[in-house]
Amino acid sequence: TWTWDEQKILLNERCCGHTDVLELISGKIEKLSKSLKELLKIASCIGASFDGAVLKSSASRSIKKPLSLAVQKELLVFDTQAGKYKFVHDRIQQAAYSLIPESERPMFHLAVGRNLLRQLSSVLLEKHVFVVLNQFIRGANLLDSQTEKYRIASLCLSALIKATKKSAFRLSSQYADFGISLLGMWGWKDEYDLTLALYSSACEVQSCTGNFDKLDSFVEEIFRHAHSLEDKVRAYVIKVYSLGGRNRQQEAIKIGLEVLYQLGEPFPARVKKAHVLADIVRTKWLLRRKTDESLSRLPRMTNPSKVASMQILNVVMLSCHRESNALLPLINLRMVQLTLKYGLSALSSVAFSTYGMILCGAMNDIDGGYRYSLLGLSFLEKDSVREYIPRVYAAHYGTVHHWKRPLSLSLKPLYESHEIALETGDIEFAMLNFFIYCLCSFYSETLGLVEEICRRGVELMKSHKQHSTLVEAQIFLQFILNLRGESVDPLVLTGEVMDQESVLREHMANDMNSVEYVSVHRMQLAYLMDEPSIAAELVKKLSRLYKTMSIGAYTASTTALDVALVSLELARTGDKRRHLSTASRMLRGLKKWAKYSPENFLGYVHLVEAEYAVVKGKHFLANSKYLSAIALLAESNHIMYRGIALERSGMFKLSIDDEVLGRKYLKDSYSVFAEWGAVVKTRQMKRKWSTILDP
């Protein structure tokens, strides 16, 4: 019996060194019986802990007696909780492994692997595939039979799929590389299905790890050897998806459209309003008199080319959204139409939730959009396809839910879908949903917390090489830093995270969304800093934003609010008619949204109405609207706009010689901005209202 004293072992290692301790233990093991030594050597190859069935299958002869002896001598112990045997101490495993001469280890591992492959049942082989493959990896140079290599390559496919499901993407990549190395030059000829599946799965893994060079190489290999377009579809999906993540949206859209044309789903080269209107009419005609229940009972989509088309449409759709491409509604409407004509697919949930986004954002059909987005959620629940949760949640909770429900209720599902996307390998939507989560947090959380969340997102995006979302996240993070006083010029988004001019120069030609995000945040800063002329110039740059960014995003509503506030400030001193017209247009949208979601929008409406009343000289109405705006914004916890409402109300009160309430509201506004963490705003207020705010 062996007795282990951890403290003495550590002391010996410090005095004599790690090697001497191993030699001591190895010497003791060397004195054991041959069968027991052989058992310990095999066990050391398998790992620190192991299943009894695996150990039994890995040996060439019965292990019952030596296994019992190893437990009796306290070299191994059975962990009843885990249901496995394990070495009593890692030094015993190391010492046992050291008994295998280094030159003989590859052959020893190979023999263990072959025994496992030959003797394990298919169920146990699947369960312990990592253990089995690790033996072959260590003995790979001794493999000489191509038939055996193909068999092991099929194990690699099983292992990488299993590892991917566990989000162990780097481990998946190792198994993919090993499997591909075993295929040799005749893999495509001898084992076509295996080779296609292995390369396709390898592409997905490289997309998850951000190794785009290797991904592109694997994709080209598939394109060279695949027998049919259907066999290439999976590779095309990954290619288009990865290009979007690299912010190469136009290239992604071009490739996607080419594949769709080959699949019998062509799109116009130049999208006109007539194309969109015709498709909307066609879709509504197909949906006429169909209840949610009847739609849920549609048959399954079985046409292979239409299933493939849905997959391509799905990945092209996000690039169209990022690119603000006019194809976006046509792409989505085609997915809905294919569902209605050919039946439900796993992607019908994405189709209908995105259709809801378009109805709400582009067509202002809040009831219809909310209905179909909820239908998409029900399809998702029915199919139980976990991998599409992030896409459906991005559409529903990122662009639809807030039109009828409080914005704060979107936060939890957005974060959960981000985590699910990381687990399933949908990296682009993992980053997108996290970014939407950051944006939604801005309205109700302190800037310190928002900065912390956003920094975490930026680091994730960098590590996963998701350039398209990264640019937008960095713009937003720099905006937060500007608000917190961490920039030289508060009106310029240049600082720790980005350089404004560099971003504008780099993205002016092919990424107008990023350019417009810069303008939006600078407009907000200019308004907060009481620089209406600068804000006015930035408003002029946002004319296109109302058509593109407004596809359901909550930021569209706050941009409408910001434009209204800037316009009303300008109406006090400039072209009153023109600026009031702009403010009225924005107010109409806010009022409509407030009918459906007063929790989110009614406070905005009353704030704009208060400012409008001031410009019109209706002081009694202005006072009433300010009071209700302040109360509603406090109730919904929209911090920045509550601070603005208090400041504007204080300024109004001072203008009508109500100094007591004017001072109170300005002090309250200062407190709100200070608690929020808007250092740059509190500094500006200190300068402007020093006689009121200073004790």
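Throughout, residue positions are numbered sequentially from 1 according to the sequence presented.
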Rounding to 0.5 Å, atoms SG (Cys156) and CG (Leu194) come to a distance of 9.0 Å
Value for SG (Cys440) from OH (Tyr415), rounded to nearest 0.5 Å, stands at 15.0 Å
Other residues, nucleotides, ligands: >12 heavy atoms within 6.0 Å of Lys290 NZ: yes
Rounding to 0.5 Å, atoms CD1 (Ile312) and OG (Ser305) come to a distance of 12.0 Å
Side chain to side chain contact (heavy atoms under 4.5 Å, CB included) between Leu243 and Gln249, intermediate numbers included: CA-CA 7 Å; Leu243 288 170; Gln249 313 299 349; over 6 Å; no
How close do Ser345 and Asp383 get, counting heavy atoms only, and between which atoms? O-OD2, 3.7 Å
Looking at Lys382 and Ser296, would you say the former's side chain and the latter's main chain have a donor-acceptor pair under 3.5 Å? yes
How long is the span from the CE atom in Met301 to the CG atom in Leu340, to the nearest 0.5 Å? 9.0 Å
Worked verdict on Tyr393 versus Asn433 for side-chain hydrogen bond (donor to acceptor under 3.5 Å, both in side chains): CA-CA 8 Å; Tyr393 277 27; Asn433 288 12; over 6 Å; no
Are the side chains of Ile255 and Glu251 in touch, meaning some heavy atoms are under 4.5 Å apart? yes
Can you list every pair that meets side-chain hydrogen bond (donor to acceptor under 3.5 Å, both in side chains) and has a residue in residues 169-178, with sequence neighbours left out? Asn134-Tyr175, Thr164-Ser172, Ser173-Gln206, Asp177-Lys214
Do Tyr241 and Leu215 have side chains that get closer than 4.5 Å, going by heavy atoms? no
Are Lys149 and Ile152 side-chain neighbours, meaning at least one heavy-atom pair lies under 4.5 Å? no
Any donor-acceptor pair under 3.5 Å linking the side chain of His109 with the backbone of Pro106? no
Heavy-atom check, side chain of Lys56 versus side chain of Asp51, under 4.5 Å: no
Below 4.0 angstrom, N of the basic side chain to O of the carboxylate: do Arg224 and Glu220 qualify? no
State, to 0.1 Å, how close Val129 and Leu155 come at their nearest heavy-atom pair, and which atoms those are. CG2-O, 3.7 Å
Please find the pair of heavy atoms, one from Pro390 and one from Ser417, that lie closest to each other, and give the distance. CG-O, 3.6 Å
Find the distance between OG (Ser373) and OH (Tyr355) and round it off to the nearest 0.5 Å. 12.5 Å
Within the 4.5 Å heavy-atom criterion, are Ser158 and Ile161 side-chain neighbours or not? no
For the pair Lys465 (side chain) and Gly210 (backbone), establish whether a donor and an acceptor sit closer than 3.5 Å, ignoring hydrogens and angles. yes
Looking only at atom types and distance, does a side-chain atom of Lys162 sit under 3.5 Å from a main-chain N or O of Lys127, one as donor and one as acceptor? yes
Could Arg288 and Trp285 be counted as a cation-pi pair, given that NZ or CZ must be under 6.0 Å from the ring centre and within 45° of the axis? yes
Determine, stepwise, if the pair Val132 / Phe136 fulfils side chain to side chain contact (heavy atoms under 4.5 Å, CB included). CA-CA 7 Å; Val132 178; Phe136 285 115; 3.8 Å; yes
Would Ser514 and Glu472 satisfy side-chain hydrogen bond (donor to acceptor under 3.5 Å, both in side chains), going step by step from the backbone distance to the final call? CA-CA 6 Å; Ser514 294; Glu472 295 170 6; 4.6 Å; no
Would you say the side-chain atoms of Ser200 pair up with the backbone N or O of Ala197, donor to acceptor, closer than 3.5 Å? no
Salt bridge (charged side-chain N to carboxylate O under 4.0 Å, His left out) assessment of Arg151 paired with Glu148: CA-CA 5 Å; Arg151 178 76 178 93; Glu148 184 178 33; over 6 Å; no
If we only count heavy atoms from C-beta on, is the Val503 to Gln474 side-chain gap below 4.5 Å? no
Partner of Tyr199 under ring-ring contact (aromatic ring centres under 6.0 Å, His included), chosen from Phe223, Tyr192, Trp188: Trp188
Mind checking whether Ile427 and Ser207 have side chains closer than 4.5 Å, heavy atoms only? no
Residues 128-137 vs salt bridge (Lys or Arg N to Asp or Glu O under 4.0 Å), sequence neighbours excluded, gives none
Intermediate values then yes/no, ring pair (Phe, Tyr, Trp, His ring centres under 6.0 Å), His418 and Tyr437: CA-CA 9 Å; His418 153 73; Tyr437 172 76; 8.1 Å; no
Considering only distance and modelled atom types, tabulate donor-acceptor pairs under 3.5 Å from the side chains of residues 178-186, sequence neighbours left out.
| residue | atom | partner | partner atom | Å |
| --- | --- | --- | --- | --- |
| Ser181 | OG | Phe178 | O | 2.6 |

For Val350, is there any backbone N or O sitting under 3.5 Å from a side-chain donor or acceptor partner on Ser353? yes
Just verifying a value: how many Å separate Leu333 CG and Lys284 NZ, rounded to the nearest 0.5 Å? 10.0 Å
Carefully, step by step, assess Arg391 and Ser349 under the rule side-chain hydrogen bond (donor to acceptor under 3.5 Å, both in side chains). CA-CA 9 Å; Arg391 292 168 181 261; Ser349 57; over 6 Å; no
Step by step, would you call Tyr372 with Leu295 a side chain to side chain contact (heavy atoms under 4.5 Å, CB included)? CA-CA 10 Å; Tyr372 287 116; Leu295 289 169; 4.3 Å; yes
What's the verdict on salt bridge (charged side-chain N to carboxylate O under 4.0 Å, His left out) for Glu459 and Arg455, showing C-alpha distance, side-chain angles and the deciding distance? CA-CA 6 Å; Glu459 290 308 310; Arg455 281 189 185 279; over 6 Å; no
Take Leu260 and Ser309 through the side chain to side chain contact (heavy atoms under 4.5 Å, CB included) test and state the conclusion after the steps. CA-CA 6 Å; Leu260 287 167; Ser309 296; 4.3 Å; yes
Side chains of Lys306 and Lys341: closer than 4.5 Å at any heavy-atom pair? no
For Ile46 and Gln135 the tightest heavy-atom approach is CA-NE2, 4.0 Å
Where do Ser242 and Arg246 come nearest, in terms of heavy atoms and distance? OG-NH2, 2.8 Å
Would you indicate whether Glu258, at its atom CD, is surrounded by more than 12 heavy atoms from other residues, nucleotides or ligands within a distance under 6.0 Å? yes
For Met310 and Leu347, the nearest pair of non-hydrogen atoms, with its separation, is O-CD1, 3.5 Å
